[in-house]
Amino acid sequence: MESQSWFQNQRVFRTLQVPDAVMEVSSALCRTRIIAVASGKGGVGKTWLSISLAQALASSGYKVLILDGDFGLANVDIQLGLVPTHDVVDVLSGDVTIKDGVQHFCGGTGDAAYSFDVLAGRSGVSAVSGMNRDALDKLLLSLRLARQYDFILVDLCAGIDPITRHLAAIADQLLAVTTDEPTALADVYAIMKLYLRDRRRVGGDDMHCQLVINQASSHRSGVQTYEKLLQACRFFLKWEPQLAGTVRKDSRVSAAIRMQSSLLENFPASPAAVDVGRLVRQVVHGSLPAVA
């Protein structure tokens, strides 16, 4: 079942300022769903998960764009083995069009072939300091109104810089990725706390933030980690985040990253690949994650 959205009427675009229009355009007219993937700290598998979700969605027949929202230390293109000619900063500055800035990625073979688009970020420069928030809003609005994609996955920068918080707040859905490490849990709690504040500031509801417990020793262990966070959120924030799913720890993940290859292609029966499939069904259809 398609998740409900807050978009009311496309005509509001004529009267509202961006980012209001980004959040208000009707989902009935603009089916594109923007999903931001966030983490409080690096090393929890956020970018790998973003790419794996894009691969799984594209393999299921959806049209997908992955936008690297790390504007200073981008690495989506590196994990995919791409060498982009242009990046999102070139698009935002007006040097190239969206069409020219996007790079096509193809994977799989035969009946299992799939493809999705990538709008690379920029690495090695202090791009965030000069980032134009209005330009970002207009970019996302243009992508939504074009109705070219079913899903736009925004791989956010780890942490809580203003641009990252803004992109998380205006997305249709936020996937907050963490592990069971105490530092990761503390950081993802901070992400959710600020998300609530920012969502309410821009006028959106706060029920579309979901947790992903990555590198869990088992599904049950992942659920226990989620329940710890749930208790903290209930007590301090008076709010209950949902659990999107758990992804089990799998040595094949690091091997696939080193080879710049797809876990889902090379090890489709591995625990992490199976869990990503479950996670996609949860994200798309809203079914409850399995606990074993």
Asker: Name the one of Asp155, Asn214, Asp70 that satisfies side chain to side chain donor-acceptor pair (under 3.5 Å) with Lys46?
Answerer: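 Result: among Asp155, Asn214, Asp70, Asp155 is the only option passing the side chain to side chain donor-acceptor pair (under 3.5 Å) with Lys46.
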Asker: To check you understand the geometry: which heavy-atom pair defines the closest contact between Ala54 and Leu153, and what is its length?
Answerer: N-CD1, 3.5 Å
Asker: What are the two closest non-hydrogen atoms of Gly222 and Ile213, and how far apart are they?
Answerer: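 Reported closest heavy-atom pair: O-CG1, 3.5 Å.
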Asker: Would you confirm whether Glu265, through its side chain, and Gly108, through its main-chain N or O, come within 3.5 Å as a donor-acceptor pair?
Answerer: yes
Asker: Do Val188 and Phe236 land in one hydrophobic cluster if side-chain heavy atoms of ILVMFWY residues count as linked below 4.5 Å?
Answerer: yes
Asker: Going by the rule ring pair (Phe, Tyr, Trp, His ring centres under 6.0 Å), which residues pair with Tyr226 if we only count those two or more places apart in sequence or in a different chain?
Answerer: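 With neighbours one apart ignored, the set is empty.
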Asker: Show the nearest heavy-atom pair for residues Ile98 and Ser142, with the distance to one decimal.
Answerer: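 Looking at all heavy atoms of both residues, the closest pair is CD1-CB, 4.2 Å.
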Asker: At what distance, to the nearest 0.5 angstrom, does OH of Tyr114 lie from OG of Ser262?
Answerer: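 Going from the OH atom of Tyr114 to the OG atom of Ser262 covers 4.0 Å.
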Asker: I need the minimum non-hydrogen distance between Met192 and Leu229, along with the two atoms involved.
Answerer: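 Looking at all heavy atoms of both residues, the closest pair is CE-CD2, 4.3 Å.
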Asker: Ile34 and side-chain contact (heavy atoms from CB on, under 4.5 Å): which single residue from Leu174, Val154, Leu167 fits?
Answerer: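 Exactly one candidate clears the test, Val154.
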Asker: So do the side chains of Ser39 and Ile191 get within less than 4.5 Å of each other, counting heavy atoms only?
Answerer: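 A side-chain contact under 4.5 Å is absent here.
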Asker: Using salt bridge (Lys or Arg N to Asp or Glu O under 4.0 Å) as the criterion, list what pairs up with Arg197, not counting sequence neighbours.
Answerer: none
Asker: Hydrophobic clusters here meaning ILVMFWY residues chained together by side-chain heavy-atom distances under 4.5 Å, can you tell me if Leu82 and Ile66 are in one?
Answerer: yes
Asker: Might you point out which heavy atoms bring Leu243 and Leu211 nearest each other, and give the distance in Å?
Answerer: CD1-O, 3.6 Å
Asker: Enter the distance from Asp77:CG to Leu119:CG here, rounded to the nearest 0.5 Å.
Answerer: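 One finds 10.5 Å between CG of Asp77 and CG of Leu119.
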Asker: Is there a chain of hydrophobic side chains (I, L, V, M, F, W, Y, each step under 4.5 Å between heavy atoms) that links Leu185 to Leu230?
Answerer: yes
Asker: Hey, what do you get for CG (Leu65) to CZ (Phe116), rounding to the nearest 0.5 Å?
Answerer: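 Reported to 0.5 Å precision, the distance equals 9.5 Å.
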Asker: Between Ser60 and Tyr62 (side chain of the first, backbone of the second, donor and acceptor by atom type, cut-off under 3.5 Å), is there such a pair?
Answerer: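 The answer is no, because no donor-acceptor pair under 3.5 Å joins these two groups.
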Asker: Once rounded to the nearest 0.5 Å, what's the spacing between atom CG of Leu194 and atom CD1 of Ile160?
Answerer: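 Rounded to the nearest 0.5 Å, the CG-CD1 separation comes out at 5.0 Å.
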Asker: Within the distance-only criterion (no hydrogens, no angle test), does the side chain of Lys238 pair as donor or acceptor with the backbone N or O of Phe235 below 3.5 angstrom?
Answerer: yes
Asker: Just so I know, are the side chains of Gln79 and Thr47 near enough to count as touching, which here means a heavy-atom distance under 4.5 Å?
Answerer: yes
Asker: Mind checking whether Trp239 and Tyr195 have parallel, tilted or perpendicular rings, split at 30° and 60°?
Answerer: tilted
Asker: The criterion is ring pair (Phe, Tyr, Trp, His ring centres under 6.0 Å); which residues satisfy it with Tyr189, sequence neighbours excluded?
Answerer: none
Asker: Which distance, rounded to the nearest 0.5 Å, do you find between the CZ of Arg252 and the OG of Ser261?
Answerer: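 The CZ atom of Arg252 sits 12.5 Å away from the OG atom of Ser261.
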Asker: Of all heavy-atom pairs between Arg33 and Val284, which one has the smallest distance, and what is that distance?
Answerer: NH2-O, 3.7 Å
Asker: With no hydrogens and no angle check, is any side-chain donor or acceptor of Asp68 less than 3.5 Å from a backbone partner on Asn75?
Answerer: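 Present.
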Asker: Give a yes or no on whether a salt bridge exists between Arg144 and Asp172, defined as a side-chain N under 4.0 angstrom from a carboxylate O.
Answerer: yes
Asker: Using the test side chain to side chain contact (heavy atoms under 4.5 Å, CB included), find all partners of Ala272 that sit at least two apart in sequence or belong to another chain.
Answerer: Trp48, Val247, Asp250, Val253, Leu263
Asker: Does Val96 belong to the same Ile/Leu/Val/Met/Phe/Trp/Tyr cluster as Val88, with side-chain heavy atoms less than 4.5 Å apart forming each link?
Answerer: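 Yes; tracing contacts between hydrophobic side chains, which count when under 4.5 Å, links both residues.
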Asker: Taking C-beta and beyond as the side chain, do Leu49 and Leu279 meet within less than 4.5 Å on heavy atoms?
Answerer: yes
Asker: Can you list, pair by pair, the side-chain donor-acceptor contacts under 3.5 Å of residues 175-182, counting residues two or more places apart and other chains?
Answerer:
from, atom 1, to, atom 2, distance (Å)
Thr178, OG1, Ala184, O, 3.3
Thr179, OG1, Glu181, N, 3.3

Asker: Check whether Ile257 and Ile78 end up in the same hydrophobic cluster, where Ile, Leu, Val, Met, Phe, Trp and Tyr are linked by side-chain heavy atoms less than 4.5 Å apart.
Answerer: no
Asker: Decide yes or no on side chain to side chain contact (heavy atoms under 4.5 Å, CB included) for Gln210 and Ile35, but give the supporting numbers first.
Answerer: CA-CA 11 Å; Gln210 296 176 310; Ile35 301 176; over 6 Å; no
Asker: To the nearest 0.5 Å, tell me how far Gln231 CD sits from Glu240 CD.
Answerer: 11.0 Å
Asker: Side chain of Arg248, backbone of Ser217: donor and acceptor closer than 3.5 Å?
Answerer: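 No: the side chain of Arg248 does not pair with the backbone of Ser217.
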Asker: Any ion pair linking Asp198 and Arg165 (charged N to carboxylate O, less than 4.0 Å)?
Answerer: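 Yes, Arg165 and Asp198 are salt-bridged.
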Asker: When you measure from the side chain of Asp161 to the backbone of Thr164, do you find a donor-acceptor pair of N or O atoms at a distance under 3.5 Å?
Answerer: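 At least one qualifying donor-acceptor pair exists.
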Asker: Provide the full list of side-chain hydrogen bond (donor to acceptor under 3.5 Å, both in side chains) pairs with a residue in residues 86-106, sequence neighbours left out, each pair given once.
Answerer: Asp87-Arg122, Asp90-Arg122, Ser93-Asp95, Thr97-Asp100, His104-Ser115, His104-Asp117
